[in-house]
Amino acid sequence: MSIQLYNTLTRKKERFVPLEEGKVKMYVCGPTVYNYIHIGNARPVIAFDTVRRYLEYRGYEVNYVSNFTDVDDKIIKAANDLNEEVGELTERFIQAYFEDVHALGCEKATAHPRVTEHIEDIVKFIRLLIEKGYAYETNGDVYYRTREFDGYGKLSHQSIDELKVGARIEENVIKSDPLDFALWKTAKEGEVSWDSPWGKGRPGWHIECSVMARELLGDTIDIHAGGQDLTFPHHENEIAQSEAATGKTFANYWMHNGYINIDNEKMSKSLGNFVLVHDIRKQINPKVLRFFMLSVHYRHPVNFAQELVESAANGLERIQTAYNNLQHRLTLSADLAEDSQQWITGIDEQITAFETAMDDDFNTANAIAVVFELSKQANIYLLEKNTDSCVLQRFIEAFDLLMGVLGLPFETAAELVDDEVDSLIQERLEARKNRDFSRADEIRDELKAKGIVLEDTAQGTRWKRG
RNA sequence: GGCGGCAUAGCCAAGCGGUAAGGCACGGGUCUGCAACACCCUUACCACCGGUUCGAUUCCGGUUGCCGCCUCCA
């Protein structure tokens with residue numbers, strides 16, 4: 001089977017075929033670092049981290065690049081407000097980004113380029129665009145001549161004339177067309193700036209991604225991804241810049257994730273309902289957040305609400321419990337059981353079902369449903385009087401494999417050894433044998449107060465942290 | 001005005017031509033000394049109106065209701 005993915009460019013699911021067999025060049029637009037990231041910023045990071053993991057699972061070598069926009073108007077403003085150097089501020093929030101995103105189970109990209117490290121490349125790129133007649137300089141600003149690029153609008157599927165009609169762009173006499181956009185902005189008094197052929201200034205927003213993608217991945221890449229709202233104008237402009245400069249296709253596949261709403265409302269500054277990952281992960285297990293987001297297809301909107309996250313947490317708990325119970329059973333004497341092959345075949349079928357789900361445009365909602373099915377199978381197997389350690393092992397491997405692809409590895413059961421708890425459990429076992437249930441319940445309550453939940457099974461008592 | 005998305009059980013969410021996956025919550029059983037975990041059972045006129053089809057939740061047209069982009073917001 002091959003991977004099918006939805007390409008914004010064609011508005012269809014397409015079979016994924018990379019430029020180079022076995023390798024994927026992927027670029028994901030990263031954050032502007034002037035604050036902690038909010039959960040809306042986190043969605044593409046999680047979604048495309050999962051895409052990457054699955055591609056790797058499928059045997060691809062993925063060169064995954066995600067940038068930091070570390071100079072722009074908002075950053076300059078934030079730095080001024082906080083009376084902090086731009087470089088200090090961005091460094092601070094870049095580190096915070098790594099912490100937040102790591103907590104959410106996302107791997108580091110192959111490269112995390114920053115705009116300020118690529119100014120020279122950007123200047124060179126802009127000069128190329130000017131030479132080719134796609135850009136012009138006015139008073140120290142450089143603009144992209146949108147009308148010059150034939151394919152403008154092909155990603156957002158708008159004709160350039162429609163865009164012009166709808167454009168609520170303030171009259172800017174400097175630009176020769178309202179749809180033209182800045183490649184280079186002349187510096188205002190006291191602003192951070194770099195030298196250029198057009199005087200002191202800094203890059204416009206869109207140019208950075210064109211340049212860094214090209215520098216790190218080449219003229220044509222396989223997948224370019226980001227939030228839905230970046231489709232226009234950001235990605236549209238990137239295409240215009242890159243394809244005008246190189247004469248080649250910029251990216252073969254464009255992927256865009258849907259929005260996050262808060263309590264059914266758009267997350268916005270005016271509503272004051274921004275949820276920062278930095279804050280929320282103190283209240284909600286970040287793994288639950290990831291699981292919650294992956295329970296909806298990446299192109300659909302996700303509604304973030306307390307009760308929905310809680311029910312996701314319960315679901316994840318169910319999976320974790322099944323996994324723990326398999327581990328627990330494995331520590332007991334391995335019985336020989338019949339029908340082992342049948343169970344193993346069943347497990348393999350689930351793995352195949354998982355792959356089928358993920359092959360279909362990374363349908364994590366269905367993939368998670370498969371993990372639930374696997375949990376059910378495991379629970380049913382644990383009902384058996386005799387279990388085979390090979391089957392238990394195979395279940396555990398399957399769980400590790402699938403949850404690993406989702407970026408949701410299980411907690412290691414290292415803390416399963418606790419002498420004090422064990423001796424209390426032994427004492428309780430004795431008490432129960434002597435039908436001293438009040439003492440038994442006392443011990444159970446005592447442990448519960450410490451956050452340890454006991455579960456009696458036919459094979460003995462197991463415990464977990466509740 | 002242009003482009004696009006969504007409407008499926010109490011809630012969340014897949015499916016997208018052959019009479020509806022999964023999860024959470026609820027109810028009833030089983031297991032248990034009691035619990036917990038778990039298992040079993042039960043629960044859907046797929047927004048509305050037309051059309052195409054042997055057959056539509058799934059395709060086409062329309063209606064209604066939400067939502068997004070067209071503003072350097074993921």
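Naming convention: chains lettered A, B, ... in sequence-line order (proteins, then strands); numbering from 1 in each chain.
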Across the strands shown, which category fits A/Gly30 at heavy-atom distances under 4.0 angstrom: base, sugar-phosphate, nothing?
nothing

Does A/Asp70 use its side chain to pair, donor to acceptor, with the backbone of A/Arg114 at less than 3.5 Å?
no

Taking NZ, NE, NH1 and NH2 as the nitrogens, is one of them in A/Asp436 or A/Arg432 under 4.0 Å from a carboxylate oxygen of the other?
no

Just call it for A/His297: base, sugar-phosphate, or nothing, with non-hydrogen atoms closer than 4.0 Å on any strand.
sugar-phosphate

Aromatic rings A/Trp205 and A/His234: how do their planes relate, parallel, tilted or perpendicular, breaks at 30° and 60°?
parallel

Between CG of A/Asn303 and C1' of B/G5 the distance, given in whole Å, is 16 Å

Classify the nucleic acid contact of A/Asn325 as base, sugar-phosphate or nothing, counting any heavy atom under 4.0 Å across all strands shown.
sugar-phosphate

B/C67 versus B/G17 - spacing of their P atoms, nearest Å:
30 Å

From the candidates B/A13, B/C73, B/C37, the one with an atom nearest any side-chain atom of A/Thr321 is B/C37

Hey, does A/Thr231 reach any base, or is it just sugar-phosphate, or nothing, if we go heavy atoms under 4.0 Å?
nothing

Find the partner of B/C59: check Watson-Crick (N1-N3 plus N6-O4 or O6-N4) and G-U wobble (N1-O2, O6-N3) distances, both under 3.5 Å, and reply none if neither fits.
B/G51

Pair A/Asp229, A/Tyr259 - check side chain to side chain contact (heavy atoms under 4.5 Å, CB included), show working.
CA-CA 8 Å; A/Asp229 53 325; A/Tyr259 270 104; 2.9 Å; yes

If pairing requires Watson-Crick or G-U wobble contacts with both distances under 3.5 Å, which nucleotide is the partner of B/C6?
B/G65

Regarding the side chain of A/Arg318, the nearest nucleotide among B/A14, B/G23, B/A74 is B/G23

Under 3.5 Å, is there a donor-acceptor pair linking the side chains of A/Thr10 and A/Glu14?
yes

Can A/Phe372 be called stacked on B/G22 when the rule is centres closer than 5.5 Å and an angle between planes below 30°?
no

Check if the side chain of A/Arg299 and the base of B/C6 share a donor-acceptor pair of N or O atoms closer than 3.5 Å.
no

Report the nucleotide, chosen from B/C37, B/C34, B/C11, that has the shortest atom-to-atom distance to any side-chain atom of A/Lys464.
B/C37

Toward the 5' end of RNA chain B, which comes first, A/Val370 or A/Asp73, by nearest nucleotide?
A/Val370

For A/Lys74 and B/C73, is the shortest distance between a side-chain N/O and OP1 or OP2 below 4.0 Å?
yes

Hunt down the Watson-Crick or G-U wobble partner of B/U42, both distances under 3.5 Å, from any strand shown, or write none.
none

What integer number of Å spans the C1' atoms of B/U30 and B/C66?
45 Å

Looking across every strand, which nucleic acid part, if any, lies under 4.0 Å from A/Gly226 by heavy atom: base, sugar-phosphate, or nothing?
sugar-phosphate

Please confirm whether the shortest side-chain N or O distance from A/Tyr298 to OP1 or OP2 of B/A74 is below 4.0 Å.
no

Between CZ of A/Phe292 and P of B/G23 the distance, given in whole Å, is 18 Å

Counting any heavy atom closer than 4.0 Å, what does A/Arg11 reach on the DNA or RNA strands: base, sugar-phosphate only, or nothing?
sugar-phosphate

Mind calculating the distance between CG (A/Asp263) and C1' (B/C12) to the nearest angstrom?
14 Å

Whole-Å gap separating C1' (B/G68) and NE2 (A/His300):
13 Å

Taking only side-chain N and O atoms of A/Asn366, does any of them lie within less than 4.0 angstrom of OP1 or OP2 on B/A14?
no

Is the phosphate of B/C69 approached by A/Lys266 (side-chain N or O, under 4.0 Å from OP1 or OP2)?
yes

P atoms of B/G18 and B/G55, separation to the nearest Å:
15 Å

Can you measure A/Phe232 atom CZ to B/G4 atom P for me and round it to whole angstrom units?
15 Å

Which nucleotide, B/C40, B/C34, B/A36, lies nearest any side-chain atom of A/Ile380?
B/C40

Just how far, in rounded Å, is P of B/G33 from CG of A/Leu454?
15 Å

What's the gap between B/A9 and B/G15 when it is taken at their P atoms, as a whole Å value?
16 Å

As a quick check of understanding, evaluate side chain to side chain contact (heavy atoms under 4.5 Å, CB included) for A/Tyr27 and A/Leu217, giving each step before the final call.
CA-CA 8 Å; A/Tyr27 187 96; A/Leu217 297 171; 4.0 Å; yes

Under the criterion ring-ring contact (aromatic ring centres under 6.0 Å, His included), I'd like the reasoning laid out for A/His206 against A/His235: C-alpha separation, chi angles, the key distance, then a yes or no.
CA-CA 8 Å; A/His206 316 294; A/His235 289 335; 9.4 Å; no

Between P of B/G4 and CD of A/Gln228, the distance in whole Å
14 Å

With a cut-off of less than 4.0 Å, is there a side-chain N or O of A/Asn257 near OP1 or OP2 of B/A74?
no

Rounded P spacing from B/C59 to B/C6 in Å:
10 Å

Sugar-phosphate only, base, or nothing, as touched by A/Ile39 at under 4.0 Å among non-hydrogen atoms:
nothing

Any donor-acceptor pair under 3.5 Å linking the side-chain atoms of A/Asn303 with those of A/Asn261?
no

What integer number of Å spans the P atoms of B/G22 and B/A14?
15 Å

Rounding to an integer number of Å, can you tell me how far A/Phe274 CZ sits from B/A74 C1'?
10 Å

Touch class at under 4.0 angstrom, heavy-atom based, for A/Arg428 against every strand present:
base

Taking atom P in both B/C37 and B/C24, compute the distance separating them and give it to the nearest angstrom.
11 Å

Sorted by position of nearest nucleotide on RNA chain B, 5' first, the leading residue of A/Asn41 and A/Ala322 is A/Ala322

Do A/Arg299 and A/Asp361 sit within salt-bridge range, that is, some charged N less than 4.0 Å from a carboxylate O?
yes

Out of B/C3, B/A74, B/G33, minimum distance to the side chain of A/Gln158 belongs to B/C3

Tell me whether the side-chain N/O atoms of A/Lys376 come closer than 4.0 Å to OP1 or OP2 in B/G22.
no

Considering just the side-chain nitrogens and oxygens of A/Asn363, establish if one lies under 4.0 Å of OP1 or OP2 belonging to B/G15.
yes

What does A/Ser156 touch in the nucleic acid at a heavy-atom separation under 4.0 angstrom: a base, only the sugar-phosphate, or nothing?
sugar-phosphate

Can you figure out which of B/C24, B/C34, B/A74 approaches the side chain of A/Asp441 most closely?
B/C34

When you measure only distances, ignoring hydrogens and angles, does the side chain of A/Arg444 come within 3.5 Å of the base of B/A35 through a donor and an acceptor?
yes

Under the 6.0 Å and 45° cation-pi test, does A/Lys108 pair with A/Phe98?
yes

When you get a sec, tell me which of B/A13, B/G22, B/A36 is the closest nucleotide to the side chain of A/Ala369?
B/G22

Contact class for A/Asn314 vs. all strands (heavy atom < 4.0 Å): base, sugar-phosphate, or nothing?
sugar-phosphate

Please measure how far the C1' atom in B/G61 lies from the corresponding atom in B/U53, and state the result in whole Å.
16 Å

Per the atom types in the model, does the base of B/C34 pair as donor or acceptor with the side chain of A/Asp456 at under 3.5 Å?
yes

May I ask which nucleotide in the shown strands pairs with B/G1, Watson-Crick or G-U wobble, both distances under 3.5 Å?
B/C70

